[in-house]
Amino acid sequence: MHEKVVVVTGGGSGIGRACAERCAASGAWVWVLDLKAAAAKETADRIQAQGGRAEFQAVDVSCSLSVEQAFENIPRVDGLVTSAGVAERNPLGEQEEAGWDRVMNVNLKGVYLVSKAALARMRQGGSIVHISSAVALIGHRNRAAYSATKGAILSLTRNMALDYAPRGIRVNCVCPGFVHTALTAAIFKDPARAERIRALHPLGRLGEPEEIAKAVCFLLSDDASFITGAALAVDGGLSAGHTADI
Ligand SMILES: NC(=O)c1ccc[n+]([C@@H]2O[C@H](COP(=O)([O-])OP(=O)(O)OC[C@H]3O[C@@H](n4cnc5c(N)ncnc54)[C@H](O)[C@@H]3O)[C@@H](O)[C@H]2O)c1
């Protein structure tokens, strides 16, 4: 990805940070965007310490003005990773409206606003990778708002792939299984729950952010030049089916 300009939202932590670092290691000039400016700066500092090229910007992806300002200094965009995301763990009947709105605004409206800003700076050609989730491929209990956003991202990926193919812009999404990040840290406070989740993955473990980043960087790169509109499960087999021997 030599000389390519890649923007990563949610780049201050977890999957976004791993994507930013991997893109930079393969030669991209990476713009790290995150709600937490200090976390975004830390990612950019880590990349620079490894000899890579990175900038950081604070952004609230759910706010159009904030997104506009964050993109102001970005000269052009060749690649975009939308990893900023939040989760709520409730069935629909117990989901408070404020939390529903927060998840919708960050996970879905945020993808819309950031993609729009990036598309305006893409020339002919480019690649967008949205971070959806395995919850978009198979049902998960207690994740009404979160699942709704991740399923919507899957549909949006296909729509965008069709709309922007004439401009040579490829749009794909990655659907991770459970990955060790700040988002899933609560799981490990309950060993029984951690074991239940581990056992759902046929490969017998959770994923690491770097394993998601490898798939994302592949889709961003010219190696994926004939892939658009795809949803790539990177989930240790979680969405392949249940693990019970029946
Ligand atoms: N960790 C998993 O198991 C897993 C599984 C499937 C999908 N995902 C998805 O991967 C993406 C990244 O998650 P993660 O696990 O790395 O979580 P994380 O909490 O480590 O990172 C998410 C980042 O998004 C940022 N963010 C939150 N709200 C924002 C906003 N309004 N504007 C800008 N940035 C904001 C946070 O500050 C944080 O740095 C999310 O979209 C998540 O839904 C995660």
Side-chain angles (χ1 to χ4, degrees), residues 7-22 31-44 46 56-71 80-89 99 101-115 117-118 129-138 140 143 145-154 156-157 173-188 193-194 197-198 200-201 205-213 215-216 231-236 238-239:
V7 176
V8 182
T9 72
S13 176
I15 292 169
R17 171 171 283 176
C19 291
E21 291 186 343
R22 192 170 177 91
W31 289 72
V32 183
L33 272 49
D34 203 287
L35 188 63
K36 296 176 185 158
K41 180 178 184 310
E42 194 184 316
T43 302
R46 285 163 60 117
F56 74 95
Q57 291 277 343
V59 71
D60 177 353
V61 296
S62 65
C63 166
S64 56
L65 184 62
S66 175
V67 170
E68 236 168 71
Q69 286 169 348
F71 273 79
L80 170 68
V81 182
T82 62
S83 189
V86 292
E88 291 261 333
R89 192 165 181 272
D101 288 345
R102 185 176 77 103
V103 174
M104 290 293 152
N105 286 336
V106 176
N107 293 12
L108 188 52
K109 185 180 174 191
V111 168
Y112 150 64
L113 290 174
V114 168
S115 298
V129 181
H130 299 310
I131 308 297
S132 176
S133 166
V135 306
L137 305 174
I138 53 164
H140 279 58
R143 281 168 182 79
Y146 184 75
S147 297
T149 62
K150 295 301 181 180
I153 288 171
L154 193 60
L156 182 62
T157 297
C173 68
V174 164
C175 300
F178 286 80
V179 179
H180 287 114
T181 69
L183 198 69
T184 52
I187 291 170
F188 304 101
R193 190 174 164 221
I197 290 176
R198 186 198 64 71
L200 286 176
H201 296 75
R205 62 178 178 84
L206 273 66
E208 298 301 328
E210 294 72 22
E211 294 180 289
I212 311 304
V216 170
L232 179 56
V234 187
D235 64 357
L238 174 64
S239 63

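Both ligands and their constituent atoms are indexed starting at 1 by order of listing. Quick note: numbers below take in every heavy atom, side chains included, and nothing from hydrogens, waters or symmetry partners.
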Does any N or O of ligand 1 fall below 3.5 Å from an N or O anywhere on [X], backbone included?
X     : result
Ser13 : yes
Ser62 : no
Val86 : no
Gly16 : no

[X]: numbered ligand 1 atoms lying under 4.0 Å from its heavy atoms:
X      : result
Gly14  : 16 (O), 20 (O)
Ile131 : 9 (C), 10 (O), 11 (C)
Val59  : 32 (N), 33 (C)
Phe178 : 3 (O)

Checklist entry - Is the closest heavy-atom distance from Ser83 to ligand 1 below 4.0 Å? => result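 Flag set, Ser83 near ligand 1.
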For Ser132, state whether at least one heavy atom is located under 4.0 Å from any atom of ligand 1.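 Yes, Ser132 has heavy atoms under 4.0 Å from ligand 1.
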Considering only non-hydrogen protein atoms, determine which one is nearest to [atom] and report residue, atom name and distance to 0.1 Å.
atom                    : answer
atom 44 (C) of ligand 1 : Ile15 CD1, 3.7 Å
atom 22 (C) of ligand 1 : Gly85 O, 4.0 Å
atom 42 (C) of ligand 1 : Tyr146 OH, 3.5 Å
atom 15 (O) of ligand 1 : Thr181 OG1, 2.5 Å
atom 28 (N) of ligand 1 : Val106 CG1, 3.7 Å
atom 37 (O) of ligand 1 : Asp34 OD1, 2.6 Å
atom 3 (O) of ligand 1  : Val179 N, 2.7 Å
atom 17 (O) of ligand 1 : Leu183 CB, 3.5 Å

Salt bridge (Lys or Arg N to Asp or Glu O under 4.0 Å) partners of Arg46, counting only residues at least two apart: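 Partners of Arg46 by the salt bridge (Lys or Arg N to Asp or Glu O under 4.0 Å) criterion, ordered by chain and then number, come out as Glu21.
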Sorted by chain and number, sequence neighbours left out, salt bridge (Lys or Arg N to Asp or Glu O under 4.0 Å) with Lys109 holds for none
* **Lys/Arg N to Asp/Glu carboxylate O, Lys36 vs Glu42, below 4.0 Å** => no
Q) How many angstroms lie between atom OG1 of Thr82 and atom CG of Leu113, to the nearest 0.5 angstrom? A)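 Taking OG1 in Thr82 and CG in Leu113, the distance rounds to 12.0 Å.
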So CG of Leu206 and CZ of Arg198: to nearest 0.5 Å the spacing works out to 9.0 Å
Would you check if [X] and [Y] make a side-chain contact, meaning some heavy-atom pair closer than 4.5 Å?
X      : Y      : answer
Ser132 : Thr157 : no
Asp235 : Cys175 : no
Val32  : Val8   : no
Val59  : Phe71  : no

A student comparing Val111, Val174, Leu35 should find that the heavy atom closest to atom 35 (C) of ligand 1 comes from Leu35
Ring-plane angle category for His201 and Phe178, please: parallel below 30°, perpendicular beyond 60°, tilted otherwise.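 It falls in the perpendicular class, over 60°.
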- Item | Backbone of Val179 reached by a side-chain donor or acceptor of Thr184 within 3.5 Å |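 Indeed, once roles are kept as given, a pair shorter than 3.5 Å links the two residues.
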Is Ser83 reaching over with its side chain to a backbone N or O of Gly10, donor-acceptor style, under 3.5 angstrom?
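It does not hold such a pair.
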Which is it for [X] and ligand 1 at heavy atoms under 4.0 Å: side chain, backbone, both or neither?
X      : answer
Lys150 : side chain
Ala134 : neither
Thr184 : side chain

Residue pair Arg17 / Gly12: nearest heavy atoms and the distance that separates them
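Looking at all heavy atoms of both residues, the closest pair is NH2-O, 3.2 Å.
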